[in-house]
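What follows is a short report on a single structure.
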Amino acid sequence: MVLTGGARSGKSAVAERLAADRGGEVVVAVFGDGDGDEEMAERIEKHRADRSAEWRVVERPDPGELSAAAGEGALLVVDCLGTLVSQVMASEWPAGAHGTYGEPDSVPAEYAVAVENRVGEIVEGLVVRQGDTLVVTNEVGGGVVPAYALGRLFRDVLGRANRALVAHADAAWLVVAGRCLDLVALPRDARWPVE
């Protein structure tokens with residue numbers, strides 16, 4: 001399952017309801033980091049308070065070990081793919097590269113390839129996972145083109161990851177203002193590119 005949408009659209013709340021309705025073991029993989037950012041720390045605490053105490057939460061797991069963290073019988077909830085992509089981008093930044101991570105005027109080509117490949121591996125791992133998986137992600141690119149190369153890379157990588165996940169998902173919803181639009185039920189013209 002995939003839940004995509006804009007910021008504050010209600011994606012995580014929908015994911016929590018779906019996980020609670022499913023019952024059974026739930027493992028939530030989260031990637032946010034509130035260290036040194038008071039506002040982000042408050043957001044993380046609110047999410048913690050909203051989750052069932054019975055669910056196992058794995059904070060900042062190794063992205064390549066998501067399936068192993070949950071096991072086959074558990075519902076794995078990834079919340080959220082956008083934050084995971086940000087984590088990958090930060091971890092792949094080459095030491096000594098021109099600029100500092102966060103504000104470079106360009107990104108090294110090998111860095112962009114490394115990020116794209118790493119995120120592709122993570123998506124593939126989620127697609128082939130044995131067991132139910134629910135991915136919360138951000139729908140990006142509906143606004144202005146980011147001013148920095150890193151922002152454009154993030155938008156492109158996450159957009160491709162979302163498309164790949166939805167292409168393989170049994171269910172996918174676009175969450176808008178707390179309402180869910182069924183993406184799988186929408187008609188698809190065979191002439192439209194999907195790759």
Side-chain angles (χ1 to χ4, degrees), residues 2-9 11-12 28-44 47 57-70 76-129 133-169 172 174 183 192-195:
V2 177
L3 294 168
T4 188
R8 295 301 199 216
S9 62
K11 302 178 302 289
S12 293
V28 183
V30 295
F31 301 91
D33 182 0
D35 292 345
D37 184 336
E38 186 176 323
E39 188 268 339
M40 179 59 110
E42 288 175 11
R43 287 175 181 251
I44 291 169
H47 277 294
V57 178
V58 182
E59 296 186 353
R60 297 181 62 85
D62 180 301
E65 298 178 7
L66 288 173
S67 292
L76 172 62
V77 178
V78 176
D79 194 1
C80 83
L81 189 63
T83 309
L84 172 56
V85 169
S86 294
Q87 181 180 326
V88 169
M89 289 179 70
S91 69
E92 293 290 335
W93 187 252
H98 175 68
T100 57
Y101 181 76
E103 295 190 12
D105 50 11
S106 65
V107 294
E110 65 276 6
Y111 168 72
V113 170
V115 168
E116 189 78 52
N117 289 342
R118 185 71 178 116
V119 171
E121 291 168 3
I122 293 165
V123 167
E124 180 63 22
L126 292 170
V127 166
V128 301
R129 178 179 181 266
T133 305
L134 194 162
V135 177
V136 177
T137 187
N138 303 96
E139 194 60 28
V140 293
V144 298
V145 174
Y148 289 103
L150 270 179
R152 292 188 296 274
L153 177 63
F154 172 82
R155 176 201 60 188
D156 294 348
V157 169
L158 185 57
R160 284 191 280 274
N162 288 347
R163 197 167 61 212
L165 282 169
V166 170
H168 291 92
L174 173 63
L183 297 177
W192 293 349
V194 294
E195 295 293 321

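Starting from 1, each residue takes its place in the sequence as its number.
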Original post:
Between Thr137 and Lys11, is any pair of side-chain heavy atoms under 4.5 Å apart?
Top reply: no

Original post:
Does any non-hydrogen side-chain atom of Val78 lie less than 4.5 Å from one of Phe31?
Top reply: yes

So, taking the atom named [atom1] in [X] and the one named [atom2] in [Y], what distance separates them when rounded to the nearest 0.5 Å?
X      : Y      : atom1 : atom2 : value
Met89  : Leu153 : CE    : CG    : 4.0 Å
Arg160 : Arg155 : CZ    : CZ    : 9.5 Å
Ser91  : Arg118 : OG    : CZ    : 7.5 Å
Thr4   : Leu81  : OG1   : CG    : 9.0 Å
Leu183 : Asn162 : CG    : CG    : 10.5 Å
Leu3   : Cys80  : CG    : SG    : 11.0 Å

Subject >> Audit row: Trp93, Val107, side-chain contact (heavy atoms from CB on, under 4.5 Å) steps and yes/no >> reply: CA-CA 9 Å; Trp93 187 252; Val107 294; 4.3 Å; yes

**OP:** Going by the side-chain contact (heavy atoms from CB on, under 4.5 Å) test, name the single residue among Leu126, Val128, Ile122 that passes it with Glu124.
**Re:** Val128

Subject >> Atom of Ala164, atom of Val123 and distance for their closest heavy-atom approach >> reply: CB-CG1, 4.0 Å

Original post:
What are the two closest heavy atoms between Ser86 and Phe154, and how far apart are they?
Top reply: OG-CE1, 3.5 Å

Subject >> Donor-acceptor pair, side chain of Asn138 and main chain of Ala7, under 3.5 angstrom >> reply: no

